Every structure is written in C-alpha cells, then in structure tokens.
There are 2 protein chains.
Amino acid sequence: MTSDRIWASLFERLKTTTGADDKKLLFLAALPVSLRDFRENQTVLRDGEEPSECCLIVDGFCVRSKTIPDGRRQILSIHIPGDLPNLQNLHYATVDHDLVALSDCTLAFIGHRALKELIRERPGVGEMFWRDTLVDAAISREWLVNVGQRSTYNRLAHLIVELRERLRLVGRVIDNTFAIPLTQEQLGEAMGVTSVHTNRILRDLRIDGVLELQRGTVHILNEHKLQELAQFDGRYLHLSPSS
Amino acid sequence: MTSDRIWASLFERLKTTTGADDKKLLFLAALPVSLRDFRENQTVLRDGEEPSECCLIVDGFCVRSKTIPDGRRQILSIHIPGDLPNLQNLHYATVDHDLVALSDCTLAFIGHRALKELIRERPGVGEMFWRDTLVDAAISREWLVNVGQRSTYNRLAHLIVELRERLRLVGRVIDNTFAIPLTQEQLGEAMGVTSVHTNRILRDLRIDGVLELQRGTVHILNEHKLQELAQFDGRYLHLSPSS
DNA sequence: GGGTGATCATAACAAATGTTAAGTCATGGG
DNA sequence: CCCATGACTTAACATTTGTTATGATCACCC
C-alpha cells in the first residue's frame with residue numbers, strides 16, 4: 001500500500017478540523033509505520049495491555065468497548081478510517097478498555113518513540129494530536145448525554161447522524177448512504193439497551209419511514225424527520241479550526 | 001489567599017498521578033492567576049462561550065452539564081479541588097457544555113497566553129496537562145459504562161466510590177465520610193434517571209445498610225457491600241505515573 | 001416565629017425496557 | 001445442495017423506571 005493511501009483519511013480530517021498545512025502533514029507521512037490486517041471481531045488491543053505503538057485506522061471500523069464483571073458490555077466509541085483510537089497511550093501506559101475490529105480492517109501502527117520524537121521537534125504536531133484527543137473526549141461526553149437523556153428512538157437517530165457527519169469528513173458517504181457495520185446487538189451495546197429493544201426501535205424507524213438499516217448499510221428515507229429526532233448539534237465535533 | 005493554597009490540591013494530585021517534581025510545579029505556581037468566587041448554582045462557563053482562560057478549582061465543587069432542547073440535563077462530570085475542568089479550551093475555542101458551581105466555590109483563572117507560553121518553554125508541563133485531559137476522558141468513558149450498563153443501584157455505588165477515590169487524592173475524605181453536594185435531582189441527572197427514582201435507590205441503599213446521604217455528606221455504613229455493588233476497578237483513573 | 005421555596009419522601013399508575021422463547025432468514029462450508 | 005450458524009424478528013410477560021401528585025421537612029429571610 002502506498003504511503004498516500006495510509007494517511008489519506010487522517011489528513012483529510014486534520015485539514016478540516018485543524019487547518020493543518022501540507023508541511024505539517026509531510027512530517028507525519030515520513031513516520032515509519034507497520035501495517036497489519038485484522039479480521040472482523042478480532043481484538044486489536046486488550047484491556048490491561050501496555051502497547052508501545054499507536055494505531056491509525058486505514059480502512060474498516062473498530063470499536064472501543066468495556067466489559068464489566070457480570071458480562072455486560074458497553075461500546076464506548078465507534079472508530080472509522082482516519083481515527084487514532086489509542087493516542088492516549090502516549091501519556092499513560094495501560095489501555096483501560098478493549099479495541100475490537102468491527103469489520104475486516106487495515107491498521108497502521110506507529111511507534112511511541114518515533115511519535116514522541118516528532119512531537120518534541122515539532123510542537124505543532126503535538127498540539128494537533130492533543131486537540132484530536134480532546135475532540136475524542138467531547139464525543140464521549142455527547143454519548144453520555146445520548147445514553148443518559150435521550151429516548152432510545154432519538155438516541156439511535158443521534159448516533160446515526162453523528163456517524164454520518166464523521167464519515168462524510170473522510171469521504172465515506174455516497175448518496176446519503178453509508179456503512180454502519182454493527183449488529184443489532186452491538187448497536188444495543190452502544191446505546192445501553194438490549195438487542196431485542198434495538199430491534200423494536202429499528203422497526204419503528206423503518207415503519208415511520210425515517211431510515212432503513214440492512215446488512216450494515218444505512219439508507220436515509222426522510223432526512224427531515226431524522227434531523228428532528230436526532231436534535232443533532234455538531235458543535236461538539238469541533239470541525240472548524242476556529243471553534 | 002496564598003499561592004500555596006491556590007495550587008495545593010492540583011499539586012497533590014499531579015505528584016501522585018504524574019510523579020511531577022517540585023521544579024515543574026514551581027513553574028506552574030509562578031503563573032499569574034486571578035481568583036474569583038462563585039456562589040452555589042452560579043454558571044462559570046456557558047455553552048457556546050469562548051473563554052480566554054482555563055480555570056482551576058481551588059475550593060468547592062462544580063459540574064459540567066449539557067442541556068438538550070427538550071430541557072433534560074445530563075451531568076457529565078463532577079469536579080473537585082485540584083481539577084482543571086476546561087483545559088480543552090486551550091486547543092479549541094468553544095465550550096460545548098455548561099460549567100456550574102455546585103457549592104460556593106473559589107476558582108483560579110489562568111490565561112491561555114501565559115499557559116501556552118509555559119508549555120512551549122517546558123514541554124514537560126504540556127505533557128502533564130495533556131495526560132490530565134486524557135484521564136478526564138477516561139473518566140467520561142467509565143461514566144458511559146456506568147450509565148449504559150449498570151443497574152441504578154450499582155451505578156450510584158460506583159459513582160460514590162469513584163468520587164471518594166478522587167477526593168481522597170486531594171485530602172478531602174475524613175473518617176470515610178466526605179461531601180457530595182448534589183441534590184437528589186442532580187444525582188439523577190448524573191445517572192440518567194429522575195429524582196424520584198434516585199430517591200428510591202437512596203432509600204434502598206439506606207435500608208440495606210450500605211450508606212447514608214444526608215445534607216450533602218456521605219456516610220459509608222458497610223464498606224464491603226459498597227465495594228461489591230460498585231464493582232469498582234480504579235485503573236481508569238491512572239493514579240500511578242507508570243500506568 | 002411564621003411564611004416561603006427548595007428539597008425530600010412516598011404512593012399509584014403509566015410507559016419503557018428487559019427476559020425468555022420461538023421461529024425465520026441469510027450465508028458460507030462441507 | 002443441505003446443513004450449521006449467527007443474525008434478525010416477534011410475542012408474551014416481568015421488571016424497571018417515569019409521571020404525576022401530595023405531604024413532610026428543612027433552611028432561610030423578614
């Protein structure tokens with residue numbers, strides 16, 4: 001795979017969110033990476049590990065998740081191409097959750113040492129990544145609002161709109177149709193409800209003509225209704241460098 | 001107020017979590033700050049603002065919260081002395097939630113400009129703060145698990161144990177008794193349930209001899225039962241510099 | 001020292017969500 | 001081609017949680 005394809009999604013995103021110039025990005029592209037493929041459901045990082053690399057999602061979907069002693073599992077975030085789901089391990093050793101491939105995935109691993117060196121030489125790169133982790137935190141807080149306060153019906157609409165906005169940034173939305181390769185059980189784990197209830201809500205959304213979800217692909221049927229349900233205010237994504 | 005008292009809680013925490021040496025902390029203590037007092041329920045930062053300072057909680061409790069259009073409110077985090085609840089605004093302009101004083105509070109405001117200068121001169125200080133925001137994010141993820149997967153009964157136990165661990169770090173736990181100055185309605189907003197239901201759960205915990213909450217003060221009655229309910233694994237707080 | 005408003009407490013009932021169970025539908029492997 | 005498997009779908013029923021309402025209690029102010 002060419003270096004271009006490895007970095008493309010991340011660079012697209014960073015250009016929009018931080019206004020990064022090509023020079024800064026060239027330093028990144030010069031970092032040594034090692035590519036590794038993962039299959040659907042394969043664990044990338046396990047709770048308790050102490051990785052010596054950060055990973056960049058080149059292609060495919062991953063989730064962070066946490067399993068509590070009684071076996072229940074919460075999906076903490078959905079990660080898409082261009083995401084750096086464990087940048088935090090640059091500053092503390094232990095992963096405190098799992099990172100699992102949702103679909104077949106290609107990941108690029110970047111050694112902490114090389115990354116830290118680059119950041120030391122180019123503080124601007126560090127600021128960019130710091131910001132990235134801060135937006136990641138803002139997304140977690142919005143998920144907390146979603147799970148804590150919105151009805152499951154609205155909650156699912158919000159989750160889908162957020163994912164669409166993020167996918168759009170990296171060119172993964174075509175004809176208002178995009179991938180969300182979660183099973184109903186996994187969607188439930190992201191929303192804090194059971195798979196049975198997720199099924200009910202999906203049925204309602206289908207019957208109400210809002211959207212359809214088939215084999216991991218979302219089709220929006222009524223954009224206006226969807227917006228109304230999601231009450232989506234994307235400011236928390238901080239898409240513009242100045243916000 | 002002396003500079004010592006202003007920085008005491010933050011320094012205590014940073015020494016434990018990052019192993020920061022006195023030298024690094026002296027640079028911090030040299031930063032110009034402006035003190036401001038807030039009364040109970042006063043808003044410190046409002047959703048949408050673009051502050052030019054970060055604030056340090058010197059004394060008292062604050063919460064971050066987010067209100068959705070239908071009026072429901074989610075408390076995103078509880079902040080205690082030593083916390084820096086809006087460090088994120090160093091790297092993006094807009095606050096995407098409210099910051100509200102839970103009790104009468106003293107806050108120290110530190111200008112972005114001075115802070116950024118210090119970080120440029122002392123990258124180690126920047127790394128320490130970056131880490132701090134990463135732990136803040138890890139706490140948000142744990143709250144997501146709490147709200148999404150634990151029963152309300154266990155959820156409240158977990159919230160209380162987490163708060164106790166964090167308060168202990170800054171010397172605010174005496175005789176296993178500590179402050180949690182949230183009304184039942186606010187506790188409900190933190191857990192994603194109504195105040196009526198919060199009241200039910202508190203009654204159950206009282207009847208079961210686990211703990212009592214009176215006028216904002218927690219008394220642990222049965223430590224063993226509390227642990228059992230909370231299933232608390234504090235690794236996500238990353239209290240040790242090496243984890 | 002009596003009003004006033006917030007908070008706490010509790011009950012009855014309604015609505016949302018979980019549990020269990022069963023059957024259907026796709027898909028890939030032998 | 002058929003079987004095995006996982007995912008999806010639905011229903012009946014149980015449990016949790018929300019809603020609404022009503023008093024009780026507490027803190028504070030005039």
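To find a chain, count down the sequence lines: A is the first, B the second, and so on, and within it residues start at 1. In this text, all values refer to a predicted model and were calculated from it rather than measured experimentally.
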Reported CD-to-CD distance for the pair A/Q184 and A/Q186, which is rounded to 0.5 angstrom = 11.0 Å

inquiry  = Is it the case that the side chains of B/H197 and B/R200 hold a donor-acceptor pair, with the cut-off being a distance below 3.5 Å and no angle test?
reply    = yes

message = So B/T152, base contact, sugar-phosphate only, or nothing? Heavy-atom distance under 4.0 Å.
response = sugar-phosphate

request  = Kindly say whether B/S77 contributes a backbone atom to a donor-acceptor pair with the side chain of B/R64 at under 3.5 angstrom?
outcome  = no

ask   = What integer distance in Å separates A/E185:CD from D/dT9:P?
value = 14 Å

key: Closest listed nucleotide, where the reference is the side chain of B/V196 and the choices are D/dT17, C/dT7, D/dA21   = D/dA21

key: Separation of atom CZ in A/R150 from atom P in D/dG18, rounded to whole Å   = 16 Å

ask   = Side chain of A/S103, backbone of A/F61: donor and acceptor closer than 3.5 Å?
value = yes

ask   = In whole Å, what is the span from the OH atom of B/Y153 to the P atom of D/dT15?
value = 18 Å

inquiry  = Taking the minimum atom-to-atom distance to the side chain of B/Q184, which one of D/dA11, C/dG18, C/dA9 wins?
reply    = C/dA9

remark   = The reported gap from CG in A/L169 to CG in A/L239 (rounded to nearest 0.5 angstrom) is 5.0 Å

message = Please classify the nucleic acid contact of B/G192 as base, sugar-phosphate, or nothing, using heavy-atom distances under 4.0 Å.
response = sugar-phosphate

ask   = How close or far is atom P of C/dC8 from atom CG of B/L187, stated in whole angstroms?
value = 9 Å

message = Side-chain N or O of B/T194 versus OP1/OP2 of D/dT17: is the shortest distance under 4.0 Å?
response = no

request  = Check DNA chain D against residues 197-219 of chain B and give the residues with a non-hydrogen atom under 4.0 Å, in numerical order.
outcome  = B/H197, B/R200, B/R215

ask   = Relative to the ring of A/Y236, is the ring of A/F232 parallel (under 30°), tilted (30 to 60°) or perpendicular (over 60°)?
value = perpendicular

query = To the nearest Å, how far apart are A/N41 CG and D/dT5 P?
reply = 17 Å

